[in-house]
There are 2 protein chains.
Amino acid sequence: MFFGEYPYKVDEKGRVPLPPKFRRQMREGVILAKGMGEKCIAVYPVAEWKRLSDSLAAKAVTQANLRKLNRAIFGSAFSTSFDGQGRITLPYPLRDYAGIGDTAIVVGANKCVELWSEDEWKAEKTSAEEQASQIIESFGA
Amino acid sequence: MFFGEYPYKVDEKGRVPLPPKFRRQMREGVILAKGMGEKCIAVYPVAEWKRLSDSLAAKAVTQANLRKLNRAIFGSAFSTSFDGQGRITLPYPLRDYAGIGDTAIVVGANKCVELWSEDEWKAEKTSAEEQASQIIESFGA
DNA sequence: AGAATTGTGGGGAAAAGTGGGGAAATAGGG
DNA sequence: CCCTATTTCCCCACTTTTCCCCACAATTCT
């Protein structure tokens with residue numbers, strides 16, 4: 001389970017630390033991929049990534065669909081791990097896609113971790129909070 | 001079950017004690033999150049937090065909704081526990097959100113505990129007292 | 001009144017954030 | 001094919017922050 005929102009510096013080499021609590025849940029390495037739909041980088045523990053890609057492959061019925069899916073999912077994915085200081089290096093295509101400059105917001109999102117630029121995160125947060133309150137209202141919690 | 005209203009000092013390191021009666025119900029640790037809708041910090045015992053987040057996740061219909069909701073719920077949440085003196089440390093983003101300075105009002109709210117700034121709490125209390133009689137009426141209680 | 005528990009504050013050790021340097025690997029040109 | 005230039009990766013070092021422990025003052029309970 002991943003919690004919390006942490007701002008981190010991205011150094012000139014494109015390296016970003018993750019919070020120690022996150023690292024401890026990702027010792028076997030991580031997969032970086034484009035956020036699905038959102039302008040962010042998704043970071044999955046390898047086990048969770050396998051679960052996710054398997055369930056997607058099971059849903060693709062036609063060969064054409066499957067190929068398209070493979071390109072979309074695996075095409076943007078990078079496997080990596082932590083250096084001695086607990087940092088991962090962001091491949092340039094992904095960093096560019098998410099618009100991340102010298103600061104990244106690391107967000108815990110339950111099963112995975114997301115990396116956002118400051119601006120995109122601010123926008124996403126406000127819209128997510130609005131939606132959350134609606135769901136909570138309808139839920140009566 | 002959490003009752004009552006207690007003012008506590010927040011020291012320079014952002015630490016707040018909780019009343020001993022509350023601590024004894026939270027030995028397994030707590031989750032800090034934004035109060036839903038209100039400008040306060042919500043403190044959940046881990047068991048209650050799991051119940052709540054699971055039921056909310058079950059409510060989201062689409063994948064996009066689910067991701068957004070996860071972000072809103074988990075992104076603002078922090079896992080923590082008590083130090084030897086029965087205090088918890090408030091992460092800066094949450095303290096800032098709730099506008100808590102050097103004093104926090106600790107409020108028991110049945111399933112969870114809430115932390116308020118003096119000002120926000122005064123406003124909330126008066127408006128709650130005004131509306132309570134109406135709400136009770138509509139319940140037929 | 002005495003003892004225990006609780007509120008409050010601070011100091012020191014450990015860990016985490018940040019930045020830079022050097023070696024190995026890769027790619028490109030001669 | 002070899003040499004060179006560039007990039008990538010790993011390791012080292014420093015600064016800051018966090019966490020844990022100790023200590024005192026105040027309040028409550030016996």
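Per chain, numbering begins at 1; letters A, B, ... match sequence-line order. Every heavy atom of this structure was used, including side-chain atoms; hydrogens, water molecules and symmetry mates were not.
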Is any side-chain heavy atom of A/Cys112 closer than 4.5 Å to one of A/Glu48? no
Toward the 5' end of DNA chain D, which comes first, A/Phe82 or A/Lys21, by nearest nucleotide? A/Phe82
Measure from the side chain of B/Arg15, starting at C-beta and using heavy atoms only, and say which of C/dT18, C/dG7, D/dC21 lies closest. D/dC21
Give the rounded distance in Å between these two atoms: CZ of B/Phe22 and P of C/dG7. 11 Å
Should the pair B/Phe74 and B/Trp49 be assigned to parallel (<30°), tilted (30 to 60°) or perpendicular (>60°) ring geometry? perpendicular
Protein-nucleotide distance (B/Ile88, atom CD1; C/dG7, atom P), rounded to Å: 13 Å
Counting side-chain heavy atoms from CB outward, which of C/dG12, C/dA16, C/dT6 is closest to A/Pro20? C/dA16
With a cut-off of less than 4.0 Å, is there a side-chain N or O of A/Arg23 near OP1 or OP2 of C/dG17? yes
Would you kindly give the CG-to-P distance between B/Asp83 and D/dC19, to the nearest whole Å? 10 Å
Taking atom types as they are modelled, would you say the side chain of A/Arg87 forms a donor-acceptor pair with the base of C/dG19 within the 3.5 Å cutoff? yes
Rounded to whole angstrom units, what separation is found between the NZ atom of B/Lys13 and the P atom of C/dG10? 9 Å
Minimum heavy-atom separation for B/Glu38 and B/Tyr97, please, with both atom names. O-OH, 3.2 Å
Quickly work out the A/Leu18 CG to C/dG17 C1' distance and round it to whole Å. 13 Å
From NZ of B/Lys9 across to P of D/dC24 the rounded distance in Å is 21 Å
For A/Glu12 and D/dT7, give me the distance from atom CD to atom P, rounded to whole Å. 14 Å
From B/Phe3 CZ over to B/Asn110 CG, what is the distance, rounded to the nearest 0.5 angstrom? 7.5 Å
No-H, no-angle donor-acceptor pair, A/Gln85 side chain to D/dC12 base, under 3.5 Å: yes
C/dG17 phosphate, OP1 or OP2, under 4.0 Å from A/Tyr8 side-chain N/O: yes
Measuring only between side-chain heavy atoms, which start at C-beta, is B/Gln63 closer than 4.5 Å to A/Met36? no
Whole-Å gap separating P (D/dT7) and OH (A/Tyr92): 14 Å
